[in-house]
Amino acid sequence: MTERPRVLQELGDELDRAAGRVLTGKRRRFGTLGVGSAMAGLAVASALAVAAVAILLIGHRHPGQTGRRTAATSVPRGEIVDRDGNVLVGHRRGIDIQIVPADLPVPIRGHSLPALLTPPAADQQIYDRLAQVLRISTRARACEVTGRHAQLTPVACDVARAAYLLPDANVTIASDVRPAVGHALAGSLPGVTEATVYLNSYPHGDLAAQLLGYVGPITPAQLRESQFGGLPANAVVGQTGLEAFYDRYLRRRDKLETSLDLRLEQVGQASLARSISHNAPANAGGAFVAMDPQNGQVYAMGSLPAYNPTVFTKPISDREYERLFGSGTNSPQVDRATDGLYPTGSTFKPITALAALESGAWNLGETYDDTGEYCFTRGSCLHNSGKAAYGVVNMTDALRVSDGDFFYDLGAKLNVNPTTHRQGGALQQWARLFGIGQGTGIDLPYAASGNLPTPAWRAKLSAQELRYEQRHHSRCCTITRPGPWTVSDNVNLAVGQGELQVTPLQLAVAYAAIANGGAVVHPHIATKVVNAAGREVLEMIDPPPARHISIDAQD
């Protein structure tokens with residue numbers, strides 16, 4: 001048991017309020033990442049303050065496991081628990097119905113493809129009787145086995161595919177059947193047996209689904225990876241989330257302890273769901289992050305829409321997979337907290353402010369006269385939201401009201417000659433220090449790095465599109481091929497727009513560095529791995545900061 005920091009008790013109501021506020025903000029292009037008051041906990045005067053981020057996002061599809069292979073194991077995997085020991089991923093027993101090829105009326109030995117594609121009548125009779133009890137179709141259909149085609153019933157097709165790849169292994173026909181059904185089939189049909197297996201269980205349904213992940217049959221590509229060396233071709237391994245990242249421990253029954261707080265996770269997901277329902281369009285998704293800015297421990301992280309990982313504990317048909325995850329479902333498998341890439345909007349302004357102050361482009365005693373518009377070239381003018389004019393403001397005032405004109409001006413002041421400064425100037429330098437455009441190093445198998453636009457990046461993109469157009473004699477990717485870097489690009493970047501792409505987690509890390517005095521923390525979810533008995537700590541997980549930024553305390 002780990003003592004819950006006091007701030008976790010205080011964060012729930014603030015996160016609930018913040019998620020509602022952030023989703024009412026402006027969105028540009030595909031969406032805008034909003035923090036502002038949603039950085040819940042930064043105002044909490046505590047050594048364990050929390051940085052929280054809420055975001056409105058639309059994600060991308062990740063492939064899922066399909067087919068009839070089972071995701072059950074002969075021994076239980078290790079549990080994943082929260083900071084108080086509450087089980088987030090557990091296991092339960094189930095009964096699988098399997099065919100033993102060598103025990104069929106006409107035994108199958110080896111992987112003779114012609115024999116598999118033309119099952120003997122006695123074996124086919126077993127397949128059909130089994131299918132009738134399990135309510136599986138007995139109608140023949142097209143079946144492909146390693147490039148050869150035949151008309152086979154679903155059960156015969158499963159046997160042919162599995163026996164060809166693993167001639168000495170049992171073939172799972174149905175997973176998690178009622179014990180009475182398993183006993184009856186195993187006792188009456190030759191070549192049919194029941195197997196006690198262990199299935200992952202998710203006691204909280206779709207809560208933190210993308211973060212926790214799911215398991216599935218090992219893929220041919222995974223069999224070639226060193227981390228899975230020595231595993232049989234019918235092994236079950238973690239495919240996404242923590243299940244994949246810590247698979248080497250979990251598959252040997254070790255327990256994974258995390259910094260997650262079950263109650264905070266529930267509050268975050270519920271408030272995010274309400275905010276999306278009340279404030280966002282039908283195709284919207286969202287994410288939130290609650291993280292300790294002192295050490296990078298993730299207290300809660302979630303993404304909506306979500307899915308129940310239980311669907312992957314059994315074979316899933318292509319039709320069911322399409323229903324759950326296909327077009328129109330808004331990509332519930334995407335973890336928008338770590339993979340969603342969007343312009344940050346005004347939440348980038350603190351980075352712009354520090355870049356200006358630390359580089360000497362601005363000082364705390366200076367003021368700016370905001371007349372309601374900013375014109376960086378003749379005829380090219382930008383305005384505050386609602387065309388507000390804030391008058392004479394200093395940097396503190398500008399941050400407080402999120403004065404766009406003030407920060408447009410800073411963006412212009414921070415621009416540099418793109419020929420001599422191909423990686424940009426102080427604005428890009430400081431954004432890079434805060435982790436923008438780089439991976440966070442979180443303990444998950446997939447996390448986007450985002451994009452920090454620079455003159456060099458723009459030139460490379462333009463050259464790539466030009467080569468495409470020359471090769472294909474057609475327009476490539478944009479209506480107008482991007483030209484060289486200009487001051488307007490830096491002005492856009494200063495307010496978190498343009499080609500800037502950031503994940504919610506990256507922004508939480510950046511804000512944590514501001515909150516803690518400059519330490520760019522290494523965000524992590526797991527805190528330790530213990531053996532199945534819970535008596536021996538196998539690994540402590542407490543990574544040090546990636547780096548420390550020297551920031552003037554007054555700034």
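Values in this document were obtained by computation on a predicted structure and should not be read as measured data.
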Is there a side-chain contact between [X] and [Y], using heavy atoms and a 4.5 Å cut-off?
X	Y	result
Val81	Leu256	no
Thr503	Asp339	no
Val89	Tyr202	yes
Ser74	Tyr198	no
His183	Glu194	yes
Leu199	His91	no
Val237	Phe228	yes
Asp158	Ile173	yes

Item checked: Asp542 vs Lys528, side-chain contact (heavy atoms from CB on, under 4.5 Å): CA-CA, chis, key distance, verdict -> CA-CA 8 Å; Asp542 185 21; Lys528 70 175 70 168; over 6 Å; no
Do the side chains of [X] and [Y] get close enough for a salt bridge, i.e. N-O under 4.0 angstrom?
X	Y	result
Arg323	Glu320	yes
Asp247	Arg77	yes
Arg263	Asp261	no
Arg92	Asp176	yes

Item checked: Donor on one side chain, acceptor on other, Asp128 and Gln132, under 3.5 Å ->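 No, because no side-chain N or O of Asp128 sits under 3.5 Å from a partner of the opposite role on Gln132.
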Notebook entry, point to check: Between Gln124 and Thr153, do the side chains contain an N or O donor and an N or O acceptor separated by less than 3.5 Å?
Noted result: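 Gln124 vs Thr153: donor-acceptor pair found between side chains.
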Note to self: Is it true that, when you exclude Arg93 itself, more than 12 heavy atoms of the residues, nucleotides or ligands shown sit nearer than 6.0 Å to its CZ?
What the structure shows: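 Open: at most 12 neighbouring heavy atoms sit under 6.0 Å from CZ of Arg93.
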Distance-only, no hydrogens or angles: does the [X] side chain make a donor-acceptor pair with backbone N or O of [Y] under 3.5 Å?
X	Y	result
His524	His522	yes
Tyr511	Thr347	yes
Thr118	Ala115	no

Notebook entry, point to check: Given the side-chain rings of Tyr299 and Phe288, with only the six-membered ring counted for Trp, is the space between their centroids under 6.0 Å?
Noted result: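 No, too far apart.
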Next item on the list: Applying side-chain contact (heavy atoms from CB on, under 4.5 Å) between Ile99 and each of Leu130, Asp123, Asn170, report the one that passes.
Entry: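 Of the listed options, the one satisfying the test is Leu130.
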When rounded to the nearest 0.5 angstrom, what is the spacing between [atom1] in [X] and [atom2] in [Y]?
X	Y	atom1	atom2	answer
Gln239	Ile218	CD	CD1	8.0 Å
Ile436	Ser449	CD1	OG	11.5 Å
Leu538	Asp254	CG	CG	5.0 Å
Leu88	Ser201	CG	OG	10.5 Å
Gln297	Ile541	CD	CD1	10.5 Å
Leu165	Asn234	CG	CG	10.5 Å

Check: Which residues pass the side-chain hydrogen bond (donor to acceptor under 3.5 Å, both in side chains) test with Arg253, sequence neighbours left out?
Finding: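 Listed in chain order: nothing, the list is empty.
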Checklist line | Contacts of type side-chain hydrogen bond (donor to acceptor under 3.5 Å, both in side chains), residue Tyr246, not counting sequence neighbours | finding: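 So Tyr246 forms a side-chain hydrogen bond (donor to acceptor under 3.5 Å, both in side chains) with Asp443.
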Item checked: Ring geometry between Phe312 and Tyr307 (parallel below 30°, tilted from 30 to 60°, perpendicular above 60°) ->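 The rings of Tyr307 and Phe312 stand perpendicular, inter-plane angle above 60°.
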